[in-house]
Amino acid sequence: PWGALTGREVFPYTIAFENDPTRASLAAQNVTISLALDPDLDWSTFQLGDFQFGATTVAVPGGLRSYSTIVSARSVDGTPLLVAIDAELNALSGVVTWSFISLDPVTNQSPLSAVAGFLPVNDAGGRGQGYVHFTVRPRSAPANGTTITAQASVIFDANAPILTNTAINTIDLAPPTSSVHPLLSSSNATSFLVNWSGQDGQGAGVVSYDVFVSTNGGPFTPFLTGTSSTSAMFTGQVGHSYGFYSVAVDALGNVAARPTSAQASTRVEPPPVQIVGGDRVLGVILLEDHEREHAYGDADVRMLETVASSM
């Protein structure tokens, strides 16, 4: 596996191998694969999985840490061949080894023919490639940020080991963070844009947000839920105040605790009423109540507009 994980999953690993046509000219008779399990994995949960070479798949019964079998195959020239397969976890060292050994079905020894071998040079059909598979769990209660790595070694016949890429997984138990961007303390616009953003450090990444709103200091209720957007228009009412907060969710389902108060607040004030005399604006009437919020509403504004228009 790759990336960020919670540590509660079963980790499935697959090690692929290939008789590379850019390096090899003959079939491989023997292939040995080894891998040392990371110490932060719970080795007691290790289970072998299926493996394959060319068109041959070997199904391994569940729950095994070691397995042996002999499979019938053919060399590239069509002559019969046996493949002895052994797979085992060393419970003391944590090293897992798979071996594929070609045998002459008559002598039960290594084939003498130079073209004999269970793994031909690979082609477009994939005849010279294979894989082994296993599963394992992390140790219980891994710390957030724990890094679990895996790298295998593959040996073809008597050649030098070839190292695979390193698979890196990071335990992500920390929730993402998010916040609503600051708003104007007050505005005459009943509709205004609310913006928010979040971050997840080295975690799995933010995938959605829940945004909540409180009206006039009341309880918070959902404004948007499960949204991947980072902004939206909100429509309020004159004479009301609004508080907002956001909660981010990451790709693993980690969710931050809800804030206990608004991250951003604003108040919708009545618009100023112009006093017009003839063809001139003589002034404006502003509704303000410094003793009590939300003192004036739409009816008050309409009343003042009527007064102003009669002057």
Donor + acceptor pair across side chains of [X], [Y] (<3.5 Å):
{"X": "T146", "Y": "D40", "value": "no"}
{"X": "H133", "Y": "T14", "value": "yes"}
{"X": "Q199", "Y": "T177", "value": "yes"}
{"X": "Q52", "Y": "T57", "value": "yes"}
{"X": "T235", "Y": "S191", "value": "yes"}

Any residue meeting ring-ring contact (aromatic ring centres under 6.0 Å, His included) with F156, in chain and number order, not counting sequence neighbours
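Counting only residues at least two positions away or on another chain, F156 forms no ring-ring contact (aromatic ring centres under 6.0 Å, His included).
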
Going by the angle between their ring planes, with limits at 30° and 60°, are [X] and [Y] parallel, tilted or perpendicular?
{"X": "F220", "Y": "Y245", "value": "tilted"}
{"X": "Y13", "Y": "F134", "value": "parallel"}
{"X": "F51", "Y": "Y67", "value": "tilted"}

Tell me, do T164 and V154 make a side-chain contact under 4.5 Å, heavy atoms counted?
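Counting from C-beta outward, T164 and V154 do come under 4.5 Å.
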
Does any pair with a residue in residues 196-213 pass salt bridge (charged side-chain N to carboxylate O under 4.0 Å, His left out), and if so which ones, sequence neighbours excluded?
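Qualifying pairs, neighbours excluded: none.
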
D123: salt bridge (charged side-chain N to carboxylate O under 4.0 Å, His left out) partners, not counting sequence neighbours:
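Partners of D123 by the salt bridge (charged side-chain N to carboxylate O under 4.0 Å, His left out) criterion, ordered by chain and then number, come out as R127.
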
